[in-house]
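Here's the structure, in structure tokens; my notes come after.
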Amino acid sequence: MDVTTPANGPWLIVGLGNPGPEYAGNRHNVGFMVADLLAERVGGRFKRAGKAQAQVVEGRIGPPGPGNRRVVLAKPMSFMNLSGGPVNALKDFYKVPVANIVAIHDELDIDYGILRLKLGGGDNGHNGLKSMTKAFGAEYHRVRFGIGRPPGRMQVADFVLKDFSSSERKELDYFVDRAADAVEALVIEGLERAQSTYNS
């Protein structure tokens, strides 16, 4: 296990997206999609988290016994560019070290469906990451879900706020499932082992 990931503290796994049904199928909301699948896997349902502007599910990931990890799955209910406030409130409430935070987010500079796991780094223009980094620093884990670049002259803002195309949707469930597997591997096995499996 990585020295950066203390085993005794809980993990805070944050799916980034925008709240509301009109955004649910957007490329920008793939973090919510992965978080929803992880909630299904731990047998929980998202509910409002006290005073934090977020929905959470508490559970455990991994095999029964000492190898599993306590996790808090979260979906900020602020808009994407204000994600840092709700995540910071959850971090403080659950006493989560920054190195035990995982952000699941869409990534323009990676081809559709490709995953990249990493610790720390810049925000690459992603407003959700920018807000989180401003709130508590950059040394948290990221599971970057490739959505590719907009076609032609389409603006980035228009592209990320559009639903996945019909051809992309044919593979979307598979890629979301793989991203959820990658999050579980990161939490249970550590970053390096998860990277060797999922950084394709």
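These numbers were taken from a predicted model, which means no experiment stands behind them.
- Counting heavy atoms of neighbouring residues, nucleotides and ligands inside a 6.0 Å radius, atom NZ of K118 exceeds 12 of them.
- A continuous path of Ile, Leu, Val, Met, Phe, Trp and Tyr side chains, each step under 4.5 Å between heavy atoms, connects L108 with V34, placing both in one hydrophobic cluster.
- Counting non-hydrogen atoms of neighbouring residues, nucleotides and ligands closer than 6.0 angstrom, the CD atom of E22 exceeds 12 such neighbours.
- Remark: R27 is positioned above the aromatic ring of F159, its terminal NZ or CZ atom under 6.0 angstrom from the ring centre and at most 45 degrees off the axis.
- Under a 4.0 Å N-O distance rule, the pair D181/R41 qualifies as a salt bridge.
- No donor-acceptor distance shorter than 3.5 angstrom exists from the side chain of S83 to the backbone of G128, with no hydrogens or angles considered.
- Judged by distance alone, the side chains of R116 and N199 never bring a donor and an acceptor atom under 3.5 Å apart.
- One N or O on the side chain of R142 and one on the backbone of G121 form a donor-acceptor pair closer than 3.5 Å.
- For the atom pair CG (L82) and CE (M80), the distance works out to 11.0 Å, reported to the nearest 0.5 Å.
- With D106 contributing its side chain and F145 its backbone, the two residues share no donor-acceptor pair below 3.5 Å.
- The neighbour count for F46 CZ, taken as heavy atoms of other residues, nucleotides or ligands under 6.0 Å away, is above 12.
- One finds a salt bridge joining D36 and K75 here, because a Lys/Arg side-chain nitrogen approaches an Asp/Glu carboxylate oxygen to under 4.0 Å.
- Ring planes of F175 and Y112: perpendicular class, angle over 60° (limits at 30 and 60°).
- Rounding to the nearest 0.5 Å places CD of Q53 at 9.0 Å from CE of M77.
- A pairwise comparison of heavy atoms in Y140 and L129 identifies OH-O, 3.2 Å as the closest pair.
- Aromatic ring orientation, H105 versus H126: perpendicular (interplanar angle above 60°, classes split at 30° and 60°).
- Scanning both residues, A182 and L115, for their nearest heavy atoms gives CB-CD1, 4.0 Å.
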